[in-house]
Amino acid sequence: MISMSDGAAPPSSMSELADYRHRMRHSAAHIMADIVRRLFPEAKLAIGPPTEDGFYYDFLVSRPFTPEDVAAIEAQMREVVAQGVAFQRQEVSRGEAKALFAQEPFKQEIIDGIPPGEAISIYRHGAFVDLCEGPHVTSTSEVKALKLLEVAGAYWRGDEHNPMLQRIYGTAFESQEALDEHLERLEEARRRDHRRLGRELDLFLFDPIAPASPFFLPKGAIVYNLLIQYVRGLYDRYGYQEVITPQIFSTELWKRSGHYEAYRENMYFTTVDDREYGVKPMNCPGHALMYASRLRSYRDLPVRYADFGRLHRYERSGVTHGLTRVRTFSQDDAHIFCRPDQIHQEVKSFAGMVEEAYRLFQFPKPRVALSLRPDPRVGTDAMWDRAEAALEEVLQALELTYERKPGEGAFYGPKVDFFIADALGREWQLGTVQLDFSLPERFDLEYIGDDGSPQRPVVIHRAMLGSLERFLGVLIEHYGGAFPVWLAPVQAVLIPIADRHGEYAQQVAQALKARGLRVQVDDRNERMNAKIRDAQLQKTPYMLVAGDREAAEGNAAVRLRSGENLGPRPVAEVIDLMLEAVAARR
RNA sequence: GCCACCGUAGCUCAGUGGCAGAGCAGCUGUUUCGUAAACAGCAGGUCCUCGGUUCAAAUCCGAGCGGUGGCUCCA
């Protein structure tokens, strides 16, 4: 264990720094709890751990904290830091711990949860004592720069049936400079927020008339459709067939699929001609009907139905978020109907496609989670054994690092989820592959085996990008709005220097358009500098300046959004340059 | 759904009970310009909605709608 006992020696390595921050933040949480108890003597303490970027502490109080409370707490915390109060660790018996925290119901619960024989430790600083494993810094003076950030409600033990506690979030760093840098990074991340960029780049908008339902403006629709076009290209290679299915179905279908029973709260319903209909939240039942519409031979499998159909899910208010959690969206969704012996190959093929796509978008490695059999569940243990093994074998064959999550699978089958973080580090599930033993039963799906007997196929639900809305949201933040050329809604802006160059600029634009490039002419009565600035702010990949010199020579002066100036180039060369980038999906 | 905060011009925001403001964007005019913001003028408001308190409400109170940060949820 590295000692920071003097508190002054700067950490000499990254891991030491991480360790120091961890202890400092943990200690800051204790200091905060101490102050809260002084200001709110009736407050009950829950837990107060350090986190990735800071710390929090949960309290049960008679009224929520106000911003003024938080300011007062922070001010008094600084005083304790200035006083340099020592932290002291002490091991106590279970009985002593129970007695010491007799007035703390949450601490009692925690003590009861500590396995017999395990040491119970407490940490003191001044008059404050907390049940805590540690470690901590040796003195409150080692908490160099701290700031309280947010107050939020949080359920005890993360269960919404438990009382809601008041959580105060804060962060602490080894120096004011490091804290300021951290806050600056947060500000930088906010500049990449897709909701902000969506407005600034005219990609999409939201209107209270349709909460959590994006309106894609022309530029956003271009990117959206290009994503679909890209996926269609993959489908050609990977053997998928695209289908188009209804938007609303009689409730009978949802009763049969089980959605009416299990997912009803999240669905939209309507009644027409005295018959109740449900708007589809998923495509699977529709695809099951298509599969069942004719007799299938084992030779026909796998059948892979892809569907970009629009889905509607009622999401509880408070959970929606920009494009990443919406109430209407479409997925690059597909259902594979296959024989049990084909699961492995199908999952492998899909994982390869995901890998290919994520690499194209230059995403970092996704976090991968393998969710295993829950209770209760459908299907035999033998089927689960086989399905889980198939998923795990594929993950290992592809050398993906993944986390096993026992009990986290859906009742109908195990699944693998792929997660990517947004600008603020919040993770979103994009790709998913889920095996389903339930749907084939419910829809009595069959194929005729090689022995002439009817067999039950397996259904694989899979989406690569997942919700296209969510994917686009994450993608916008990933690129900071600067889409690669092939995805940019406007690939080039023609910038005539003066009015007399307008006609030439139009000619150049037409030449580019004729080759399928997306071009605009900025013929506003503005100076060239202003047009360049606006094109830069729109993150346009190519700015093509047209003045006297260019018009005379049949050139365009090429400026890239990086600021690089390629100088005058023949228009044909500019077109080649751009087409090359598009073809390579750069 | 739960906790907190927020809602003023297209956008970003100022305005703590007494005539609704600024910058940018927009429009009009002048300017015709060489790689990140020309100049001038004009126009733009249900201060989210409804109700209440008050001589008087953007401002105080209540409810609703919407959003933001968390929590829970995401068959």
Side-chain angles (χ1 to χ4, degrees), chain A residues 51 56 58 61 63-67 69-70 149-169 186 190 193 195-196 199-200 202 205-212 254 257-267 281-282 284 313-322 324-327 374 409-413 415 417 424 426 428-429 432 434 436 438-439 461 466-467 470 495-502 524-538 543-550 557-561 563-568:
Chain A
T51 60
Y56 66 83
D58 287 345
V61 277
R63 65 162 177 85
F65 297 113
T66 64
D69 294 334
V70 174
L149 299 169
E150 289 288 341
V151 45
Y155 301 105
W156 167 239
R157 297 221 148 136
D159 186 332
E160 67 177 320
H161 303 296
N162 286 337
M164 177 162 272
L165 310 174
Q166 293 301 314
R167 172 175 297 180
I168 303 177
Y169 283 97
L186 287 181
R190 277 189 269 275
D193 189 314
R195 292 164 299 185
R196 174 178 178 149
R199 186 168 48 238
E200 291 174 355
D202 288 318
L205 58 85
F206 286 90
D207 188 293
I209 206 71
W254 306 113
S257 69
H259 287 93
Y260 199 81
E261 178 70 23
Y263 201 64
R264 204 187 161 165
E265 296 299 306
N266 289 288
M267 289 179 62
M282 298 173 198
C284 24
R313 297 181 186 174
Y314 172 75
E315 300 283 1
R316 293 160 100 188
S317 69
V319 308
T320 60
H321 180 93
T324 48
R325 188 89 180 259
V326 292
R327 289 183 175 150
F411 74 89
Y412 51 75
K415 62 174 181 173
D417 293 316
L424 278 169
R426 294 176 290 215
W428 299 95
Q429 181 209 309
T432 185
Q434 314 184 353
D436 190 340
S438 170
L439 192 72
H461 309 251
S467 152
R470 171 178 291 179
I495 300 178
I497 289 180
D499 286 353
R500 65 178 179 281
H501 309 121
R524 293 175 303 159
N525 178 10
E526 286 289 351
R527 294 170 65 215
M528 181 198 65
N529 278 332
K531 295 180 184 181
I532 285 183
R533 175 182 153 84
D534 288 342
Q536 284 285 158
L537 292 174
Q538 288 292 307
M543 283 150 272
L544 306 178
V545 177
D548 289 329
R549 300 201 292 266
E550 288 74 20
V558 181
R559 178 193 164 105
L560 307 180
R561 64 186 159 193
E564 190 182 354
N565 190 343
L566 301 184

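Below, chain A is the first sequence line, B the second, and so on; all start at residue 1.
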Heavy atoms under 4.0 Å, any strand shown: does [X] hit a base, just sugar-phosphate, or nothing?
X         : value
Arg426(A) : sugar-phosphate
Met543(A) : nothing
Ala154(A) : sugar-phosphate
Ala210(A) : nothing
Arg325(A) : base
Phe411(A) : base
His161(A) : nothing
Asp499(A) : base
Glu550(A) : base
Gln166(A) : sugar-phosphate
Tyr314(A) : sugar-phosphate

Integer-rounded Å distance: [N] [atom2] and [X] [atom1]:
X         : N      : atom1 : atom2 : value
Arg316(A) : G66(B) : CZ    : P     : 16 Å
Arg199(A) : G67(B) : CZ    : P     : 13 Å
Arg533(A) : G34(B) : CZ    : P     : 18 Å
Asn266(A) : C74(B) : CG    : C1'   : 8 Å
Arg157(A) : C71(B) : CZ    : C1'   : 16 Å
Glu526(A) : U30(B) : CD    : P     : 15 Å
Arg527(A) : C33(B) : CZ    : P     : 11 Å
Asp58(A)  : A4(B)  : CG    : C1'   : 14 Å

Asn525(A) has its side chain closest, among G69(B), C71(B), U30(B), to U30(B)
| request: Consider the side chain of Ala498(A), meaning its heavy atoms from C-beta on, and name the nucleotide among U32(B), C71(B), G66(B) that approaches it most closely. | output: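 Closest nucleotide to the Ala498(A) side chain: U32(B).
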Mind checking the CG-CE spacing from Asn266(A) to Met282(A)? Nearest 0.5 Å is all I need.
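That separation rounds to 8.0 Å.
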Next on the checklist: Which residues pass the ring pair (Phe, Tyr, Trp, His ring centres under 6.0 Å) test with His501(A), not counting sequence neighbours?
Outcome noted: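 For His501(A), no residue satisfies ring pair (Phe, Tyr, Trp, His ring centres under 6.0 Å) once neighbours in sequence are set aside.
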* Asked: Using atom C1' of each nucleotide, how far apart are A4(B) and C42(B) to the nearest Å?
  -> 43 Å
In whole angstrom, give me the gap between the P atoms of C60(B) and G41(B).
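C60(B) and G41(B) have their P atoms separated by 36 Å.
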Look at [X] and [N] and indicate whether a side-chain polar atom (N or O) is within less than 4.0 Å of OP1 or OP2.
X         : N      : answer
His321(A) : G69(B) : yes
Arg195(A) : G69(B) : yes
Arg190(A) : U68(B) : no
Arg63(A)  : C3(B)  : no
Arg559(A) : A36(B) : yes

Exercise for review: Mark yes or no for a side-chain to base donor-acceptor pair under 3.5 Å between Tyr155(A) and G1(B), with no hydrogen or angle criteria applied.
Suggested key: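 Yes, a donor-acceptor pair under 3.5 Å.
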Arg167(A) side-chain N/O to Ala152(A) backbone N/O, donor-acceptor pair under 3.5 Å:
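Pair absent, no side-chain N/O of Arg167(A) close to backbone of Ala152(A).
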Does Arg63(A) form a side chain to side chain contact (heavy atoms under 4.5 Å, CB included) with Asp69(A)? I'd like the steps, not just the answer.
CA-CA 11 Å; Arg63(A) 65 162 177 85; Asp69(A) 294 334; 2.7 Å; yes
* Can we say Glu160(A) and Arg316(A) salt-bridge, meaning some charged N sits less than 4.0 Å from an Asp/Glu carboxylate O? -> yes
Identified pairing partner of A22(B), criterion: Watson-Crick or G-U wobble below 3.5 Å =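 Across all strands, the one nucleotide that pairs with A22(B) is U12(B).
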